[in-house]
Amino acid sequence: MNISTDPWIWIGAILTLAIFSFLYKENPFYRAAEYLYVGLANGYAITFYWHRILMPSLISPVRNDPNPYVKLYLIAIAIIGALYFTRFIPKVSWLVRIPIAIVMGYSSGAYIPRAIDASIIQQLKATIITRATFVQVWDGVWAVIIALGVIATVSYFFFSAERKGVLKPVSYLGVVFIMVGFGASFGYTVMARLSLFIGRLQFLLGDWLGLIK
Amino acid sequence: MGERISNVFRVDYYGTPTESLEMTRHVRNYDDVGILVSIAGSSIPLSWISYAQTQFGLRLGCGITAVSAADFYPYLNSGQFTGMLAGMRDAAEYEQLLADKLAARGPEWALRNRGSEAMSSQTAAHMAIMAFIIIGNIAFFASRRRKK
């Protein structure tokens, strides 16, 4: 056993154990570690936005940019952004709609066309089966399975017709594909949570206690 | 950034103009980038698909947590991601790949294979969970039959 002498390792280990103590029951050690985590995360986020966004993109150019129009433009944007804080003043809280409307409008215009292309058109293209798909036999087989899965899953969410005739078995197949999808998500989620736990154990038994090398 | 990266990131943390840095001097926009690899614990790589891959044709790779893997596989299948590292299993595979390359350089380049080490624990835990799922299902169907 080769216990670490690094105080930071000890702090990390004690906080890890404090968080794990929740497995027994809610207790002051867990709560202290939780509040510390939330406080640190907020503090980090605020300093990150200050140093990486506000300073280089607003404060520094307003101070140093020789072009007065750039300064005016940035100040105007900063004022519009600051309108978010009117939320705290009931009499003028309606002003918060201005920055929200600008952000929503910009995001919709900038993102929706790209999202349609990236998440609908490109994904649909990937389900198209051509002769070239079967150059590698297994690629072809999987392409057919994926195309079947897409058609069956979409048919399950088709509520404009009663589920009878062809639609009934196809939508049932859709349920099977949906369940396989949920199963894959569940499996990967379990893997992720276990990875985190294993990582913590590696830290406790390796870096802290020195039991594993 | 598709037109000029320095329009978005004018200076680095120390206030040095990004265009004067050795690393970014020759990188004007996405055309000068061979591949972009986004390593994230969130859905950020999907934003790169919308903004860089679809619009500018930039090749994308991603390293993600296992939780997101099932959501991201369709994008790998469609070719929008050139490659993907999902969760600890893929991290261990990448680690092994890297270790093989570095081993050729000499023993001082040897890495501690944390990912590969953890995989045995991961596999054992998965086996246990699969066993619990099977036992749970057997118990469920057995109790249902008994009720009938």
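Throughout, protein chains are lettered first and strands after them, A, B, ... in sequence-line order, and every chain is numbered starting at 1. Both backbone and side-chain heavy atoms feed into the values below; hydrogens, waters and symmetry mates do not.
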Examine whether an atom of I146(A) lies under 4.5 Å from a heavy atom of chain B, and if so say whether it belongs to the side chain, the backbone or both; otherwise answer neither. side chain
So, the part of F197(A) with a heavy atom under 4.5 Å from chain B: the answer is neither
Would Q122(A) and S78(B) count as having a side-chain donor-acceptor pair, cut-off 3.5 Å? no
Taken to the nearest 0.5 Å, the spacing of I129(B) CD1 from R193(A) CZ works out to 12.0 Å
L194(A), part contacting chain B, at a heavy-atom distance under 4.5 Å: both
Using a heavy-atom distance cut-off of less than 4.5 Å, which residues of residues 25-62 of chain B contact chain A? I49(B), S50(B), Y51(B), T54(B), Q55(B)
What pair of heavy atoms forms the shortest contact from M88(B) to M191(A), and how long is it? N-CE, 4.1 Å
Under 4.5 Å, counting heavy-atom pairs only, tell me which of R114(A), H51(A), M55(A) racks up the most with chain B. R114(A)
Give a yes or no on whether R52(A) atom CZ has more than 12 heavy-atom contacts from other residues, nucleotides or ligands under 6.0 Å away. no
If you compare all heavy atoms of Y75(B) against all heavy atoms of S119(A), which two are closest, and at what distance to 0.1 Å? OH-OG, 3.2 Å
List the steps, then state whether side-chain contact (heavy atoms from CB on, under 4.5 Å) holds for Y188(A) with Y73(B). CA-CA 12 Å; Y188(A) 270 115; Y73(B) 265 112; 3.2 Å; yes
Which one of A86(B), G79(B), A69(B) has the most heavy-atom pairs closer than 4.5 Å to chain A? A69(B)
What's the spacing between R114(B) CZ and I212(A) CD1 if we round to 0.5 Å? 8.0 Å
Heaviest contributor of heavy-atom pairs below 4.5 Å to chain B, chosen from A126(A), S195(A), S60(A), A184(A), is S195(A)
